[in-house]
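The structure under discussion appears below in the form of C-alpha cells.
Only this structure's heavy atoms are used, side chains among them; waters, hydrogens and symmetry mates stay out. The shown structure was predicted, so the numbers you read here are calculated from the model rather than taken from an experiment. Positions are given from 1, in the same order as the sequence printed here.
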Amino acid sequence: MFSRLTQFIRNLLFSWMNKEFLIFLFFLLLSGVFWLMMAMNDTYEREVKIPVYLDKIPKKVVVTSNTEDTLRVTLRDRGFSLAPYVYGGVMPMAINFSTYDKGDGKGTVTSSELQKLINQNIFKSTKIVSLKPDRFDFTYNYGESKKVGLRLQGTVIPSQSYYIAKVKFNPEQVTVYSQRKRLDSIRYIYTEKMDLRNLSDTIIKTVKLAKIKGVKCVPPEVEVSIFPDILTEASIEVPITTINTPEGKVLRTFPSRIKVIFVAGASTFRNIHPEQFLVVADYNDIVAHPSEKCKLHVKTAPQSARNARPEIDQVDYLIEGE
C-alpha cells in the first residue's frame, strides 16, 4: 500500500505539467534570491537600541542616578551589514566608572566618547548617523543618606457615599541617597501617578516611586494600601460654652446642651466623643447683633467628623449681672 502511494506521488510530481510548474518555481525562487541580494547590497539607515551600563563601580560609591540606559542609535550601512544589528541586536556597552568620573560627585560620557565606544562593537563600514540621548550622565556619593516619608500622587476617588479613611505605606519610609545639599531639601518622596476611581473596597498595590534626577531611593517601590470607608450621618450631644463674657456678667443659654450633626466613617464613629467638640455662644456677637436669640458656632470638631454643625443654630439666652 505504501509503495503504491509513493509511486503515485512520484508520478504526480514528475508529470509533464508538474515539471513545468516546478521549473517555474525554481526560476521564481532564483529571481527572488537575486532581488534579495541586490536589495541587501543597497545602503540603508536603521535605528537600533544599544543597552549601556555603568561598570567597575567602587565599593564605597553609591550611584544616585540610573546605572543603566538605552541608546537609540541610527546606523548607515549596506543591508547585509545592518541585518545583524536589526535582528540580532548590538552587545550591551559597559562604561567604566573611573574613566569618566569627574571627582565632584558627577560623571559624563560625551557624544563623541559614546560614539567611540559604539564603534568598538560595530563593523568598520557602519557609520553612526545620530545618537539619542547624546550623552550619558551619572551622579554618586559616598553613602550620604536620610530616611523620608512618602506621599501618594495621582487621582484616588472613592465611590459615592464613601471616603478615603486611610492610606498606608509599607515601608512607611524610604532611604534616599544624594548630595548633601539635595538631601536637605527633600522632605518626602512621591509615588508614581496612580489613577483609581470608584473605590469601595480596600486595595493594595505595589507602586514605583517617582524618579528624581540625582536621587536614589531604596527600596525603589513600595506597597500602598488604600482603605475606603462608608460615610454615615450621626449626632452627638455636647454642652454649649459661652465665650468673651465680661467679668461680673453671666451668659446663659436655653438649652445648655445641643446636638451636633456630622458625617463620619462607619469604622471611626465609635472613636468620636462629646469632649472633642466645642460649640460656643459668643457674648461679643450678641452685643454686635442684638436679637432675641444668639447664634451658635461649632469651633472645634475631630478631623474624622465631617461637616459638623449644630442641630439648631440659634437658642434663647439670658445675660445676668450688672
Is it the case that over 12 heavy atoms from other parts of the model lie below 6.0 angstrom from the [atom1] atom of [X]?
{"X": "Y142", "atom1": "OH", "answer": "no"}
{"X": "K168", "atom1": "NZ", "answer": "no"}
{"X": "R257", "atom1": "CZ", "answer": "yes"}
{"X": "E172", "atom1": "CD", "answer": "no"}
{"X": "H273", "atom1": "NE2", "answer": "yes"}

Gap between atom [atom2] of [Y] and atom [atom1] of [X] - 0.5 Å precision:
{"X": "K106", "Y": "D137", "atom1": "NZ", "atom2": "CG", "answer": "9.0 Å"}
{"X": "H289", "Y": "D282", "atom1": "NE2", "atom2": "CG", "answer": "11.0 Å"}
{"X": "R72", "Y": "S130", "atom1": "CZ", "atom2": "OG", "answer": "9.0 Å"}
{"X": "N121", "Y": "T126", "atom1": "CG", "atom2": "OG1", "answer": "11.5 Å"}
{"X": "K102", "Y": "Y140", "atom1": "NZ", "atom2": "OH", "answer": "11.0 Å"}
{"X": "F254", "Y": "L318", "atom1": "CZ", "atom2": "CG", "answer": "5.0 Å"}

Any side-chain heavy atom of [X] sitting closer than 4.5 Å to one from [Y]?
{"X": "P133", "Y": "D69", "value": "yes"}
{"X": "V238", "Y": "P274", "value": "yes"}
{"X": "V109", "Y": "V52", "value": "no"}
{"X": "I236", "Y": "Q276", "value": "no"}
{"X": "M93", "Y": "L71", "value": "yes"}
{"X": "P171", "Y": "V222", "value": "yes"}
{"X": "D313", "Y": "K295", "value": "no"}
{"X": "R180", "Y": "D184", "value": "yes"}

If we ignore hydrogens and angles and just use 3.5 Å, is the side chain of [X] paired with the main-chain N or O of [Y] as donor and acceptor?
{"X": "K146", "Y": "L183", "answer": "yes"}
{"X": "S178", "Y": "G214", "answer": "yes"}
{"X": "D229", "Y": "S267", "answer": "yes"}

*Quick one: are the ring centres of F97 and F138 less than 6.0 Å apart?*
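Here the rings of F138 and F97 have centres that are less than 6.0 Å from each other.
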Closest contact, heavy atoms only, [X] versus [Y]:
{"X": "Y188", "Y": "R151", "answer": "CD1-CG, 3.3 Å"}
{"X": "P310", "Y": "I258", "answer": "CB-CD1, 4.3 Å"}
{"X": "Y317", "Y": "E292", "answer": "CE2-O, 3.5 Å"}
{"X": "R76", "Y": "V129", "answer": "CB-CG2, 3.7 Å"}
{"X": "L209", "Y": "P219", "answer": "CD1-O, 3.4 Å"}
{"X": "R135", "Y": "L114", "answer": "CA-CD1, 3.7 Å"}

Quick one: do [X] and [Y] end up in the same hydrophobic cluster if we chain Ile, Leu, Val, Met, Phe, Trp and Tyr together by side-chain heavy atoms under 4.5 Å apart?
{"X": "V260", "Y": "V315", "result": "yes"}
{"X": "I272", "Y": "L278", "result": "no"}
{"X": "L231", "Y": "I164", "result": "no"}
{"X": "V61", "Y": "Y100", "result": "yes"}
{"X": "V207", "Y": "Y190", "result": "no"}

*Worked verdict on I261 versus S235 for side-chain contact (heavy atoms from CB on, under 4.5 Å)*: CA-CA 4 Å; I261 300 172; S235 65; 4.2 Å; yes
_Steps toward side-chain contact (heavy atoms from CB on, under 4.5 Å) verdict (F169, L152)_ = CA-CA 9 Å; F169 296 96; L152 192 65; 4.2 Å; yes
*Between I128 and L75, is a side-chain contact (heavy atoms from CB on, under 4.5 Å) present by the stated rule, with each step listed?*
CA-CA 5 Å; I128 299 174; L75 302 175; 4.0 Å; yes
_Please evaluate residues V224 and V167 with respect to the criterion side-chain contact (heavy atoms from CB on, under 4.5 Å), reporting the C-alpha separation (whole Å), side-chain torsions for both, the decisive distance (0.1 Å), and the verdict._
CA-CA 7 Å; V224 179; V167 176; 4.1 Å; yes
*How would you list, by chain and number, every residue that makes a side-chain contact (heavy atoms from CB on, under 4.5 Å) with N141, sequence neighbours excluded?*
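Partners of N141 under the side-chain contact (heavy atoms from CB on, under 4.5 Å) test: V62, T64, E144, Y177.
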_Residue of the set R306, K259, R309 for which salt bridge (Lys or Arg N to Asp or Glu O under 4.0 Å) holds with E233_ =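 Looking at R306, K259, R309, the match for E233 under the salt bridge (Lys or Arg N to Asp or Glu O under 4.0 Å) is R309.
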*asked:* For R197, give me all partners under side-chain hydrogen bond (donor to acceptor under 3.5 Å, both in side chains), at least two apart in sequence or on another chain.
replied: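 Partners of R197 by the side-chain hydrogen bond (donor to acceptor under 3.5 Å, both in side chains) criterion, ordered by chain and then number, come out as D195.
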_Between T175 and K147, does the side-chain hydrogen bond (donor to acceptor under 3.5 Å, both in side chains) criterion hold? Intermediate values first, please._
CA-CA 4 Å; T175 303; K147 289 185 176 292; 3.1 Å; yes
*Should the ring pair F262 and F277 be called parallel, tilted or perpendicular, given that the plane angle runs from 0 to 90° and is split at 30 and 60?*
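The arrangement is tilted - the two ring planes meet at 30° to 60°.
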*Test E192 against K208 for salt bridge (Lys or Arg N to Asp or Glu O under 4.0 Å), laying out the working first.*
CA-CA 6 Å; E192 288 189 343; K208 293 182 179 180; 5.8 Å; no
